[in-house]
Amino acid sequence: MEKITIQQCLKEQGFYMAGVHGDSMMPMLRQGKDVVKIVPAKGILKELDLPLYQRPTGEYVLHRIIAVKDGYYITCGDNRFLKEKVPFGWIVGVMESFVQDGMEIMADDSKYLAYVKKIRRSFWRRRIRRKFRKLFS
């Protein structure tokens with residue numbers, strides 16, 4: 001049986017669904033519990049979009065865009081503090097929705113967007129808190 005790539009699936013079916021692996025997008029996406037729906041990206045993505053990209057090592061990553069630059073994005077996981085420069089050419093697709101506790105949540109849902117803005121505003125506060133915890137533990 002031939003293994004199909006995510007890119008092939010997007011091209012042939014128009015979407016790709018998979019369970020979440022890892023904790024970089026916690027608390028929004030939970031490993032082993034939530035499923036994301038990825039669709040082909042159309043044009044330049046915007047800040048706060050959640051692209052799926054493939055690093056040159058072959059690893060697939062789903063992180064939030066925090067800035068759009070000339071030819072690349074700056075991304076970071078909601079549960080991470082290190083930013084990554086992602087060239088436009090690495091983008092495989094973009095999250096259209098995710099399924100959590102049996103309910104599909106669209107990327108343009110008002111509650112989801114409120115969560116995204118809250119997590120974005122708390123970035124520096126969370127980063128400082130983490131450094132203090134690390135320092136005193």
Side-chain angles (χ1 to χ4, degrees):
M1 185 172 179
E2 187 181 329
K3 190 174 182 180
I4 186 168
T5 67
I6 295 173
Q7 289 89 330
Q8 288 171 314
C9 186
L10 286 169
K11 187 176 181 180
E12 293 171 11
Q13 297 181 1
F15 69 94
Y16 173 78
M17 293 188 79
V20 176
H21 179 72
D23 66 353
S24 68
M25 290 303 296
M26 286 280 291
M28 186 187 89
L29 297 175
R30 305 163 300 175
Q31 178 173 304
K33 293 183 178 183
D34 301 328
V35 174
V36 293
K37 181 179 181 183
I38 305 296
V39 295
K42 295 179 179 111
I44 304 297
L45 300 175
K46 59 188 184 309
E47 192 173 310
L48 304 182
D49 279 346
L50 208 54
L52 177 69
Y53 57 94
Q54 187 176 22
R55 292 179 176 146
T57 59
E59 178 183 21
Y60 288 98
V61 180
L62 186 72
H63 280 172
R64 192 170 313 286
I65 295 174
I66 57 173
V68 179
K69 302 294 184 179
D70 188 26
Y72 64 95
Y73 303 105
I74 303 295
T75 67
C76 187
D78 289 353
N79 195 29
R80 296 289 184 265
F81 300 103
L82 294 177
K83 299 173 184 175
E84 184 173 7
K85 186 177 176 178
V86 177
F88 290 169
W90 289 10
I91 303 299
V92 174
V94 63
M95 186 192 80
E96 178 182 74
S97 65
F98 62 100
V99 178
Q100 191 171 73
D101 301 327
M103 194 165 114
E104 184 175 22
I105 300 166
M106 302 301 291
D108 60 359
D109 180 87
S110 60
K111 288 181 183 177
Y112 167 73
L113 293 173
Y115 162 81
V116 169
K117 289 176 183 171
K118 178 183 172 186
I119 204 79
R120 204 52 185 105
R121 282 191 310 267
S122 69
F123 177 82
W124 289 107
R125 186 173 54 247
R126 290 182 296 119
R127 186 171 185 177
I128 291 167
R129 191 178 316 140
R130 183 174 184 210
K131 285 193 181 279
F132 272 113
R133 270 192 227 132
K134 214 175 195 181
L135 185 65
F136 294 111
S137 63

Nearest heavy-atom neighbours spanning [X] and [Y]:
X	Y	answer
Cys76	Leu82	SG-O, 3.5 Å
Pro40	Gly14	CD-O, 3.2 Å
Val35	Met17	CG1-CE, 3.9 Å
Leu113	Ala107	CD2-O, 3.5 Å
Leu45	Val68	O-CG2, 3.7 Å
Val20	Arg30	CB-O, 3.9 Å

_Pairs satisfying side chain to side chain donor-acceptor pair (under 3.5 Å), at least one member in residues 105-114, at least two apart_ =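 Qualifying pairs: Arg64-Tyr112.
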
Check the hydrophobic clustering (I, L, V, M, F, W, Y; side-chain heavy atoms under 4.5 Å; chains of links allowed) and say if [X] and [Y] are grouped together.
X	Y	value
Met25	Val99	no
Val94	Ile66	no
Ile74	Ile91	no
Phe15	Ile6	no
Ile65	Ile119	no

*asked:* Suppose we screen for side chain to side chain contact (heavy atoms under 4.5 Å, CB included). Which residues come up paired with Glu47, at least two apart in sequence or across chains?
replied: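 Applying side chain to side chain contact (heavy atoms under 4.5 Å, CB included) to Glu47 gives Arg120.
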
*Please work out which of the three classes, parallel, tilted or perpendicular, describes the rings of Tyr73 and Phe88, given edges at 30° and 60°.*
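The arrangement is tilted - the two ring planes meet at 30° to 60°.
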
Between [atom1] of [X] and [atom2] of [Y], what distance do you get to the nearest 0.5 Å?
X	Y	atom1	atom2	answer
Lys46	Leu48	NZ	CG	8.5 Å
Ser24	Leu29	OG	CG	8.5 Å
Lys37	Glu104	NZ	CD	6.0 Å

*According to the salt bridge (charged side-chain N to carboxylate O under 4.0 Å, His left out) rule, which pairs have a member within residues 9-29, sequence neighbours left out?*
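Qualifying pairs, neighbours excluded: Asp23-Arg80.
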
Is the shortest heavy-atom distance from the side chain of [X] to the side chain of [Y] under 4.5 Å?
X	Y	value
Gln100	Lys33	no
Ile38	Val92	no
Asp78	Tyr115	yes
Ser97	Met106	yes
Glu84	Trp90	yes
Leu50	Met28	yes
Leu52	Val36	no
Pro87	Tyr53	no

*Donor-acceptor under 3.5 Å (Gln31 side chain, Met26 main chain)*: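 It does not hold such a pair.
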
*Tyr16 and side-chain contact (heavy atoms from CB on, under 4.5 Å): which partner among Val39, Ile4, Leu10?*
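Testing Tyr16 for a side-chain contact (heavy atoms from CB on, under 4.5 Å) against Val39, Ile4, Leu10 leaves exactly one candidate, Leu10.
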
